[in-house]
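Residue numbers begin at 1 in each chain, while the letters A, B, ... track the order of the sequences. Everything numeric here is computed off the predicted structure, so don't read it as measured data.
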Number of protein chains: 2
Amino acid sequence: MPPQHDRLTIGELAARSGLAASALRYYEELGLIASSRTTGGQRRYHRAMLRRVAFVRAAQRVGLSLDEAGQALARLPEDRAPTAAQWAPVARAWQRRIDEQIAELQLLRRKLGGCVGCGCLSLKRCALYNPDDTAADHGPGARWLLGDTPPEPEPPTTA
Amino acid sequence: MPPQHDRLTIGELAARSGLAASALRYYEELGLIASSRTTGGQRRYHRAMLRRVAFVRAAQRVGLSLDEAGQALARLPEDRAPTAAQWAPVARAWQRRIDEQIAELQLLRRKLGGCVGCGCLSLKRCALYNPDDTAADHGPGARWLLGDTPPEPEPPTTA
DNA sequence: TGTGGACTTCAAGCGCACTCGAAGTCCAGG
DNA sequence: CCTGGACTTCGAGTGCGCTTGAAGTCCACA
């Protein structure tokens, strides 16, 4: 357990955050975290940066880009833990976002269910392909952020 | 309603699939779709390609890469609609995949709920940041190796 | 037959979130 | 004081899923 003080080297921050040092430099370049420097020019990070890094990683899990994470970060204290009052709106916004993603996935799942016995995959008729949401994305994994997914009771494989 | 025959130009396929012509050329380059050529060298797509494109787009919505979509495509008929027997396992695999995504989001959501009144975002203690699930997350190869770090008592609103 | 809009290829570029490598510098432990 | 491992910067590269542009060709309609 070598270093216990406030000024973490980039290697220490990397080890404790699970990120690569290169990623931390990148985050710093983007303004997500900040460092002071030794006289020799090496970075030293305040412990508070641990929390900021944690926040960014959490934001990514919610599906935010680093840019968006930075926006959210800007509304929280620089070097203290946020109060419940500061954190709550962020957490709630993220929850809404997650709820939307879940809702969309559930819709897709339901449509897939309707397609199981069908297989048509017609561009015109297949509910699976014809998302009434047009929120196209370009990335696999996450990014469906349509605002209002209509409930849409749907007879199997028809549009 | 100009063309009604089987041989769609790339522009027609683009219009009907909602994809850009450049994307279709890209798909063809990847082997996801195929075309014949006119004597002049222009692409003509069989109508069955509409279904293949639909399939690929659907796969993307499920979170598959184009490569994975191609793998799945290879197990379906080239130019006919898949039978229910052919389609069902694919659809079920996709549903499982969606279920996993939903489960992960729900877990994240729950953790966020626990964090609303907390705001600590401690790397050590915050459930939000410490995913006990080692979820698929396209992380940069770095693992969260925080498990073995000493507990380190951290009073609220301090770090 | 003329024409202009749709098509062709090929190479390069983009956006994101990083990673890698080279060449050089720093600094803590012995 | 020495040393070697950790750090520095900078530029380039990666992977995915495309888009854009240049330069040239085709073909359906009048």
Side-chain angles (χ1 to χ4, degrees), chain A residues 1-5 7-33 35-45 53 56-71 73 136-145, chain B residues 1-5 7-33 35-45 53 56-71 73 136-143:
Chain A
M1 184 216 287
Q4 200 61 319
H5 38 67
R7 328 254 73 195
L8 304 167
T9 68
I10 196 170
E12 288 158 2
L13 184 55
R16 300 191 53 172
S17 68
L19 282 175
S22 59
L24 294 173
R25 286 193 202 97
Y26 179 61
Y27 284 9
E28 189 173 336
E29 193 184 329
L30 297 187
L32 298 174
I33 56 177
S35 66
S36 51
R37 299 295 181 117
T38 65
T39 51
Q42 297 197 353
R43 288 172 180 82
R44 288 301 180 268
Y45 291 101
V53 172
V56 170
R57 298 306 276 178
Q60 285 187 305
R61 283 174 62 80
V62 177
L64 301 182
S65 66
L66 291 183
D67 191 74
E68 291 169 310
Q71 315 255 314
L73 216 35
D137 69 290
H138 66 330
R143 260 260 172 201
W144 356 75
L145 31 88
Chain B
M1 184 217 287
Q4 200 61 320
H5 37 68
R7 327 253 75 194
L8 304 167
T9 68
I10 196 170
E12 287 158 4
L13 184 56
R16 299 191 54 172
S17 67
L19 283 175
S22 59
L24 294 174
R25 287 194 201 95
Y26 181 61
Y27 284 10
E28 189 173 335
E29 192 184 331
L30 297 188
L32 298 174
I33 56 177
S35 66
S36 51
R37 300 294 183 119
T38 64
T39 52
Q42 297 198 352
R43 287 172 181 84
R44 290 298 181 269
Y45 292 101
V53 172
V56 170
R57 298 305 275 177
Q60 285 188 305
R61 285 175 60 81
V62 177
L64 302 182
S65 66
L66 290 183
D67 191 73
E68 290 169 310
Q71 314 256 314
L73 216 34
D137 202 323
H138 48 287
R143 296 276 168 238

Is [X] close enough to [N] that one of its side-chain N or O atoms is under 4.0 Å from OP1 or OP2 there?
X	N	answer
B:R44	D:dC27	no
B:R25	C:dA11	no
B:T38	D:dC26	no
B:Y27	D:dG17	no
A:T9	D:dC7	yes

Rounding to a whole Å, what distance do you find between [X]:[atom1] and [N]:[atom2]?
X	N	atom1	atom2	result
B:Y26	C:dC10	OH	P	16 Å
A:D67	C:dC16	CG	P	7 Å
B:L13	C:dT8	CG	P	11 Å
A:E29	D:dA12	CD	C1'	14 Å
B:L66	D:dG17	CG	P	4 Å
B:R37	D:dT25	CZ	C1'	13 Å
A:L30	C:dC18	CG	C1'	10 Å
A:E12	D:dA6	CD	P	11 Å

Please round to the nearest 0.5 Å and tell me the distance separating atom [atom1] of [X] and atom [atom2] of [Y].
X	Y	atom1	atom2	answer
A:Y27	A:L19	OH	CG	5.0 Å
A:L13	A:R7	CG	CZ	12.0 Å
A:L32	A:Q71	CG	CD	10.5 Å
A:R37	A:Q42	CZ	CD	9.0 Å
A:I33	A:I10	CD1	CD1	7.0 Å
A:E12	A:R44	CD	CZ	7.5 Å

Sequence neighbours left out, what passes side chain to side chain donor-acceptor pair (under 3.5 Å) with B:S35? Give chain and number order.
-> B:E28
Report the residues that fulfil side chain to side chain donor-acceptor pair (under 3.5 Å) with B:T39, sequence neighbours left out, ordered by chain and then residue number.
->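 So B:T39 forms no side chain to side chain donor-acceptor pair (under 3.5 Å) with any residue.
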First of A:G40 and A:S22 reached from the 5' end of DNA chain C, by closest nucleotide |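 Nearest-nucleotide comparison on DNA chain C picks A:S22.
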Toward the 5' end of DNA chain C, by each residue's nearest nucleotide, A:G41 or A:L24 | A:L24
Please work out if [X] contacts a base, only the sugar-phosphate, or nothing of the nucleic acid, heavy-atom cut-off 4.0 Å.
X	answer
B:A20	sugar-phosphate
A:I10	sugar-phosphate
B:R43	sugar-phosphate

Please tabulate the protein-to-nucleotide N/O contacts below 3.5 Å involving nucleotides 3-5 of chain C, giving atom names and distances.
none

